[in-house]
Amino acid sequence: MSKKGFYITTTLPYVNAAPHIGFALEIVQADVLARYHKEFLGEELFFNTGTDEHGLKIYRKALEEGKDPQAYTDEYAPKFDKLKSALHLSYTHFVRTTDEHHVRAAQELWRRCASRGDIYEKNYKGLYCVGDEMFLKDSDLVNGKCPNHPTMDPVEVEEKNYFFRLSAYQEKLLAYLSKDGAVIPERRRREATQFVENGLEDFSVSREKARLSWGVPVPEDETQVMYVWFDALTNYISTLGWPEDAEGSYKKFWENGVVVQTAGKDQVRFQSIMWQAMLMSAGVKTTDMIVYHGHITSGGQKMSKSVGNVIDPFEIVEKYGTDALRYWLLREMPTFEDGDFTLERFEESYNANLANGLGNLVSRVIKMASTSGVEAPKSPDIGNDPAFNLFKKYLDTFEIKKAADCIWQRIADADKKIDETKPFKLVKEKPEEAKKILGDLLKEVQAIAFMLKPFLPETSEKAAEALRRLELAQPLFPRIEK
RNA sequence: CGCGGGGAGGAGCAACUGGUCGCUCGUUUGGCUCAUAACCAAAAGGCUGCGGGUUCGAAUCCCGCCCCCGCAACCA
């Protein structure tokens with residue numbers, strides 16, 4: 001009997017800038033769900049992430065640095081892969097949209113949509129800035145000129161583009177969106193539904209190669225390349241080996257497994273609407289669930305280089321440790337809504353919950369147990385524990401923060417129990433009774449360490465090890481002194 | 001202009017299917033001493049942005065207004 005397949009993927013970050021903490025949030029959330037399904041539910045895991053490497057922005061960035069686009073992306077893609085060790089991620093596959101196989105898959109998806117009659121030619125007319133070599137939208141214009149080139153007059157240019165017949169999918173998309181769990185949280189489902197109900201327009205899916213060569217060639221038309229995200233979206237199935245599926249991963253995980261995507265709230269239209277319509281057109285199963293997270297602001301404002309409030313995930317990890325950042329992303333951030341990051345509150349929460357809460361509890365229990373001659377506990381047995389079942393229920397519904405709250409409730413309860421039963425005092429008067437209490441406390445800490453596994457894998461392992469040896473060499477989280 | 005989110009004790013958030021405003025951090029006091037000056041308990045602190053309305057009763061529903069944040073860029 002083969003194990004059930006669980007597929008989870010993040011969106012692919014664009015490689016024209018350093019990894020953003022917002023992406024760290026997305027991938028750490030995905031990591032918790034992945035570890036939960038693999039380690040707690042025993043499912044077989046396919047966890048995908050990667051990099052989006054085509055398109056004008058990257059092409060120009062490469063030119064700026066005097067590099068060939070492929071050489072540029074070869075240099076930048078590993079910087080994203082570095083997140084794996086920095087954040088202790090458990091992803092199993094890293095796809096690059098410049099991978100040969102991915103390119104072929106994107107072309108095959110195109111062919112299937114085209115043979116369905118959903119891709120057609122149309123002349124696109126618009127204002128074009130020669131300086132930027134790109135089309136301007138009305139909203140881009142400043143006094144009728146390109147904001148970057150106020151001395152140049154935008155020219156009206158007409159070019160052939162291919163369009164995708166999104167308008168044909170209104171009914172099917174509404175049916176899709178009404179499925180249980182298709183869009184999480186519920187609020188975003190209403191947003192997507194409303195958007196579809198308001199009427200859908202076909203969208204452009206290609207660019208003239210003469211203007212932009214850095215992309216996937218459109219099959220059977222040498223003059224066109226795919227517009228970046230048509231190709232990028234295909235990664236979710238190309239990573240599984242679609243369409244050949246030589247290893248059977250596509251069948252196992254996409255067709256017969258549970259398919260979960262994570263994405264930022266700005267992605268609703270792309271992921272839940274356009275991508276799903278593309279899948280329908282190509283005759284591929286749609287995504288089962290898409291979980292949308294919020295955005296992280298910094299000091300109450302959107303992060304931006306010009307404001308200078310960008311938070312670098314690597315810096316936080318280096319200074320405070322991987323699990324400190326994971327903790328903040330998972331429990332201090334609302335799971336589905338926006339949250340604000342300030343270093344001050346980050347440190348406050350670190351001291352309160354990691355140093356004083358979790359770290360101190362492990363430390364005091366182990367110290368008492370080892371000095372009282374209590375034996376190390378056997379392997380954890382929390383299968384029927386009601387608190388654990390609630391915790392699982394939250395993880396089953398993607399409520400990551402609430403699940404984490406269960407753990408910290410347990411920490412608080414253990415601290416309270418120590419205060420009420422006073423084993424440190426009892427050990428001098430009624431040693432047997434004290435030992436019994438300490439044995440129970442060790443089991444509690446063991447359960448806490450176990451539940452911590454998907455959230456703070458490294459800390460969980462350290463705590464488990466300390467329990468086995470009844471010795472804690474280093475504090476789990478040293479206090480941050482001001 | 002428009003669209004969306006939000007204004008709650010010093011700070012961050014829960015309550016938004018109307019019925020004593022809950023939690024965390026911080027502050028003060030008491031307890032404890034096993035622990036990373038940690039832990040436990042208690043207390044102080046709110047006309048829930050403003051003005052109207054509906055109701056026996058509104059943070060919660062309705063109307064008007066004010067303010068903040070996204071929707072353009074680097075960017076999830």
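Chain A is the first sequence line, chain B the second, and so forth, proteins listed ahead of strands; every chain is numbered from 1.
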Pick the nucleotide of RNA chain B nearest each of A:Ala18 and A:Leu358; which residue has the one closer to the 5' end? A:Leu358

Among the candidates [options], find the nucleotide nearest to the side-chain atoms of [X].
X	options	result
A:Arg187	B:G5, B:C39, B:C32	B:G5
A:Ser304	B:C34, B:C40, B:A73	B:A73
A:Arg364	B:A76, B:C39, B:U36	B:C39
A:Asn356	B:U36, B:A76, B:C39	B:C39

Annotated protein contacts, base or backbone, on nucleotides 7-18 of chain B with a non-hydrogen cut-off under 4.0 Å, one of B, S, - each: ----SS------

Euclidean distance, atom [atom1] of residue [X] to atom [atom2] of [N] [Å, nearest integer]:
X	N	atom1	atom2	value
A:Leu83	B:A76	CG	C1'	12 Å
A:Glu429	B:C34	CD	P	13 Å
A:Ile418	B:C39	CD1	P	11 Å
A:Tyr327	B:U24	OH	P	12 Å
A:Lys265	B:G70	NZ	C1'	6 Å
A:Asp405	B:C23	CG	C1'	10 Å
A:Leu56	B:C74	CG	P	10 Å
A:Phe341	B:C69	CZ	C1'	19 Å

At less than 4.0 Å, is any side-chain N or O atom of [X] found next to OP1 or OP2 of [N]? Yes or no.
X	N	answer
A:Lys416	B:A41	yes
A:Lys57	B:C74	yes
A:Lys367	B:A35	yes

[N] versus [M] - spacing of their [atom1] atoms, nearest Å:
N	M	atom1	answer
B:G64	B:C56	P	24 Å
B:C68	B:C50	C1'	15 Å
B:A76	B:U60	C1'	33 Å
B:G49	B:A44	C1'	25 Å
B:C47	B:G9	P	8 Å
B:G19	B:C32	P	42 Å
B:G46	B:A59	C1'	11 Å
B:G26	B:G2	C1'	41 Å

Heavy atoms only, 4.0 Å cut-off, all strands: where does [X] land among base, sugar-phosphate and nothing?
X	result
A:Ala352	sugar-phosphate
A:Asp415	sugar-phosphate
A:Ile21	nothing
A:Leu361	nothing

Using both distances under 3.5 Å as the test, list the Watson-Crick or G-U wobble partner of [N], or none.
N	result
B:C39	B:G31
B:A59	none
B:G4	B:C69
B:G18	none

Determine the sole option in A:Tyr236, A:Trp229, A:Phe230 for which the ring-ring contact (aromatic ring centres under 6.0 Å, His included) test with A:Phe270 is passed.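 Filter result, single survivor: A:Trp229.
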
Scan A:Phe46, A:Tyr91, A:Phe47 and name whichever one has a ring-ring contact (aromatic ring centres under 6.0 Å, His included) with A:Tyr7. A:Phe46

Determine the interplanar angle of the A:Phe346 and A:Phe341 rings, folded into 0 to 90°, and report it as parallel if under 30°, tilted if 30 to 60°, perpendicular if over 60°. tilted

Can A:Lys436 and A:Glu433 be counted as an ion pair, charged N to O under 4.0 angstrom?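 No, no charged N to carboxylate O under 4.0 Å.
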
Distance alone, cut at 3.5 Å: any donor-acceptor contact between the side chains of A:Thr9 and A:Gln261? no

Is it the case that A:Glu332 and A:Ser349 place a side-chain donor and acceptor less than 3.5 Å from each other? yes

Measure the shortest side-chain to side-chain distance between A:Thr234 and A:Thr97 over non-hydrogen atoms and say whether it is less than 4.5 angstrom. no

Is the A:Tyr350-A:Trp328 ring centre distance short of 6.0 angstrom?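 Centroid separation for A:Tyr350 and A:Trp328: 6.0 Å or greater.
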
Is it the case that atom NZ in A:Lys67 sees more than 12 heavy atoms from other parts of the structure closer than 6.0 Å?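 Buried by this count: over 12 neighbours within 6.0 Å.
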
Just by distance, do the side chain of A:Asp340 and the backbone of A:Gly299 share a donor-acceptor pair under 3.5 Å? yes

